[in-house]
Amino acid sequence: MTNVARPRHQAGRWRQRAATAVFLLPTSFWYFLLLVVPLGILLVFSVGERAPQGGYAPGFTLANFAHLPTRSVAFTNTLFLAAGGTVLCLLVGYPLAYYLATRAGSKKTFLLVLVIVPFWTSFLIRTYAWLTILGSTGVPALLENLGFGKVVLLNTPLAVMIGIVYNYLPLMVFPLYVSLERLDKRLLEASKDLGAARWRTFRQVTLPLTLPGVLSGVVLVFIPIMGEYLIPALLGGGRVFFVGNALVDAFLQSRNWPFGSAMAIGLIFIVLIAVALYLRVGSRGQVRRDISLV
Amino acid sequence: MDQQEFQKHYLAFQKGKISRRRFMEATGLATAAAVIAACAPASSSSSAPTTAPATAAPATAAPASDAPATEAAATMDPYADWTPPQGVDLGKELYLTTWPNYHDPQTIQTFTDLTGVKVNLTIFGSNEEMLAKLQAGGTGWDVLVPTNYTFETYGELKLLEPLDLAKLPRFDASRYEARFLEPAHYPAGSPDLLGVSKNWGTTGYVINTKNVTKPMTSWKDYFDLTQGEYSGKTTIHDYQLTGIGNALKYFGYSFNSIDTAELAKAEEILIATKSHFFAITSDYQPPLRNGDAWIAMAWTGDAAQLNRDLPEIQYVIGSEGGELWSDFFSVVAGAPHREAAYAFLDYMSTPKVAAKDAEFHGYPIVDEVATGLLPASFTGNPIIYPDDALLSPLEFGAAVTLTDPNRAELWARFKSA
């Protein structure tokens with residue numbers, strides 16, 4: 001009996017592997033063609049030279065990387081606004097997700113839909129609407145009528161920050177919501193039974209248990225903001241410059257592909273470092289959670 | 001309905017309800033290109049254009065070989081309506097890459113009605129960007145609207161087709177002032193043309209005289225008052241050619257300078273002024289209309305359109321000089337709809353068509369027959385046709401500014417500073 005079963009078992013495993021390979025093939029192909037190959041091109045281009053009329057000419061030089069500090073303002077702008085935007089999204093998003101997951105009751109579905117509704121409109125149009133809101137006939141006019149004096153909002157870092165928080169908030173809310181929703185409410189009761197006050201329960205039970213949600217929200221929001229182009233272009237009026245904007249200029253205005261490639265690699269590098277940092281923080285959180293649960 | 005929608009969009013752009021260049025730039029860069037389609041009324045069947053051919057015009061009856069067609073051009077009545085070329089399959093589509101607010105939607109609709117060719121517009125913000133896309137290849141564009149200073153580069157890179165004038169019977173070089181047509185000859189001085197004239201214009205700045213009470217006449221005023229009294233109320237083009245060029249004029253240097261010492265001075269004034277700008281944008285109509293900005297570096301047509309709606313907005317051509325430019329219609333090398341492209345160029349070279357189109361876009365046209373068809377309110381408008389005294393110090397953008405790496409780098413540095 002076992003003699004009969006074994007080959008069948010082996011055949012099953014072989015088939016399983018074949019199926020895995022077949023199912024992974026499109027993904028592998030996709031990643032190879034659209035991630036590995038472009039990255040390779042980027043690397044090759046980044047050490048090349050700008051052709052006399054723009055574009056790329058083969059070569060080997062590290063000058064493009066040496067030239068990166070000339071865009072340091074764009075890099076620091078991006079980093080600070082991305083980090084700040086992520087923190088603000090978290091500060092606004094967490095209470096919202098908490099309310100949705102624990103207090104909203106029968107309105108929950110309706111409210112969740114409301115969070116998604118902005119996604120039904122184009123990102124561009126939503127951002128464009130802020131031009132009117134933040135322009136001098138919008139909020140500044142209101143503030144002036146209320147006696148706050150002349151306020152300029154449009155084309156300032158604050159306007160870009162508002163645009164970022166507005167656009168990326170849902171990406172933060174959903175992972176938070178999921179982790180808060182899945183939170184075992186009995187643990188909160190246990191904490192209460194053991195005499196912990198609300199704040200302490202939040203700090204020692206809720207927050208550590210939802211940390212994975214916080215981390216995935218942070219990563220989901222931070223990485224795309226780092227590559228943001230549109231919000232600073234529209235709400236920053238060309239005065240609040242991100243690496244994304246510098247990249248567009250390098251490719252479409254200067255037509256300096258090698259320098260643009262070097263800049264892109266610099267950006268990838270910074271994002272990788274940032275993500276590595278998050279992951280370390282994340283794994284530390286994991287350990288603490290295990291301890292606190294035991 | 002499509003036609004109406006198209007017009008609605010254009011009007012909205014024009015009135016500044018929807019912001020234009022920046023919008024187009026943003027969409028163009030974020031999603032490859034914003035394509036507005038002037039829809040054909042479901043182009044009937046296959047090849048032959050269904051509109052009634054003009055049997056009256058004898059000149060059009062010689063389409064077969066090249067030589068008679070050129071002769072036909074000489075005898076063609078410049079005041080006649082345009083008719084599609086006979087015996088030529090124009091196809092069903094045409095891709096036109098152009099600037100915002102640059103065509104009367106009615107002009108394009110009429111072309112579609114006459115030929116069954118649907119015209120798809122792709123809107124761009126700068127010649128540099130157009131060149132970048134063409135260099136990358138695979139654009140699928142048929143007709144381009146390049147500016148004078150690009151032809152040398154386009155010619156060298158063989159990105160445009162030397163025009164087969166036999167296919168353009170309505171185009172007659174003798175009707176055009178030479179200096180506006182000259183840049184399209186490639187190689188320079190040869191009879192080969194890479195484009196036919198669309199219109200010309202100047203680059204100056206607009207001021208809202210309700211708020212700007214100090215007299216402003218020069219580029220020196222533009223930068224000095226932006227740094228001083230009108231800080232935070234000025235916009236500058238997001239365009240190296242004019243941004244750097246007019247900063248060079250502040251010091252009295254050539255608009256086209258690529259001298260590193262002169263460029264360094266220009267960079268100095270640009271960076272010193274940067275924090276005082278309201279925005280760095282080529283889409284300045286909306287902030288001017290809603291009062292966010294009072295001063296803006298501007299092109300003729302935008303100035304004419306703003307002044308038409310808000311008479312307090314005046315146009316200033318810097319007394320030191322600045323840019324005089326000329327735009328063209330060109331056929332992209334390897335255009336997928338080559339016959340339709342030629343038909344469109346020929347159509348736009350018809351004086352009646354060009355004149356009607358100009359009334360919409362507000363830029364001065366070169367064709368003297370077409371200019372003769374324009375109303376006095378247009379030809380007498382000093383924004384559109386400035387005094388010779390103001391025009392004479394202006395310079396055409398030079399080819400070298402398009403490809404000079406230092407200018408490109410300077411502009412990028414200024415923006416990311």
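Since we're looking at a predicted model, the values are computed, not measured. In what follows, chains are A, B, ... by sequence order, proteins preceding strands, each numbered from 1.
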Checklist entry - Given B:Thr147 and B:Asp327, is the side-chain hydrogen bond (donor to acceptor under 3.5 Å, both in side chains) satisfied, shown in steps? => result CA-CA 4 Å; B:Thr147 306; B:Asp327 275 358; 2.7 Å; yes

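Taking non-hydrogen atoms and a 4.5 Å limit, the residue list of residues 401-411 of chain B in contact with chain A, ordered by number, reads B:Leu402, B:Thr403, B:Pro405, B:Ala408, B:Glu409.
Between B:Lys233 and B:Asp292, none of the side-chain N atoms (NZ, or NE/NH1/NH2) sits under 4.0 Å from a carboxylate O, so this pair counts as no salt bridge.
Neither the backbone nor the side chain of B:Ile236 comes within less than 4.5 Å of any heavy atom of chain A. For A:Asp249, the part lying under 4.5 angstrom from a heavy atom of chain B is the side chain only. When heavy atoms are compared at a cutoff of 4.5 Å, A:Pro52 approaches chain B solely by way of its backbone atoms N, CA, C and O. For A:Phe251, the part sitting under 4.5 Å from any heavy atom of chain B is the backbone (N, CA, C, O) and nothing else. With a threshold of 4.5 angstrom between heavy atoms, A:Arg239 approaches chain B through its backbone and through its side chain.
For the residue pair B:Tyr239 / A:Gln253, no side-chain donor-acceptor distance below 3.5 Å is found, with atom types taken as modelled. B:His237 and B:Thr242 are linked by a side-chain donor-acceptor pair at a separation below 3.5 angstrom, with hydrogens and angles left out of the test.
Ranked by heavy-atom pairs shorter than 4.5 Å toward chain B, the options A:Gly54, A:Ala74, A:Gly244 are led by A:Gly54. Ranked by non-hydrogen atom pairs under 4.5 Å with chain A, the options B:Glu156, B:Gln135, B:Arg413 are led by B:Gln135. Between chain A and the options B:Ser275, B:Ser416, B:Gly232, B:Gly291, the largest number of non-hydrogen pairs under 4.5 Å is found for B:Ser416.
Ring centers of A:Phe222 and A:Tyr278: under 6.0 Å apart, within the cut-off. Between B:Phe124 and B:Trp141, the gap from one ring centroid to the other is short of 6.0 Å.
At least one test fails for A:Arg71 against the ring of A:Phe259: distance under 6.0 Å to the centre or angle within 45° of the axis.
Using bins of under 30°, 30° to 60° and over 60° for the plane-to-plane angle, the ring pair B:Tyr205/B:Tyr222 lands in the tilted bin.
Proximity of a side-chain donor or acceptor of A:Ser254 to a complementary backbone N or O of A:Asn256 within less than 3.5 Å is not detected.
Residues meeting the side chain to side chain contact (heavy atoms under 4.5 Å, CB included) test with A:Phe65, sequence neighbours left out: A:Ser46, A:Val47, A:Leu62, A:Leu68, A:Ala262, A:Ile265.
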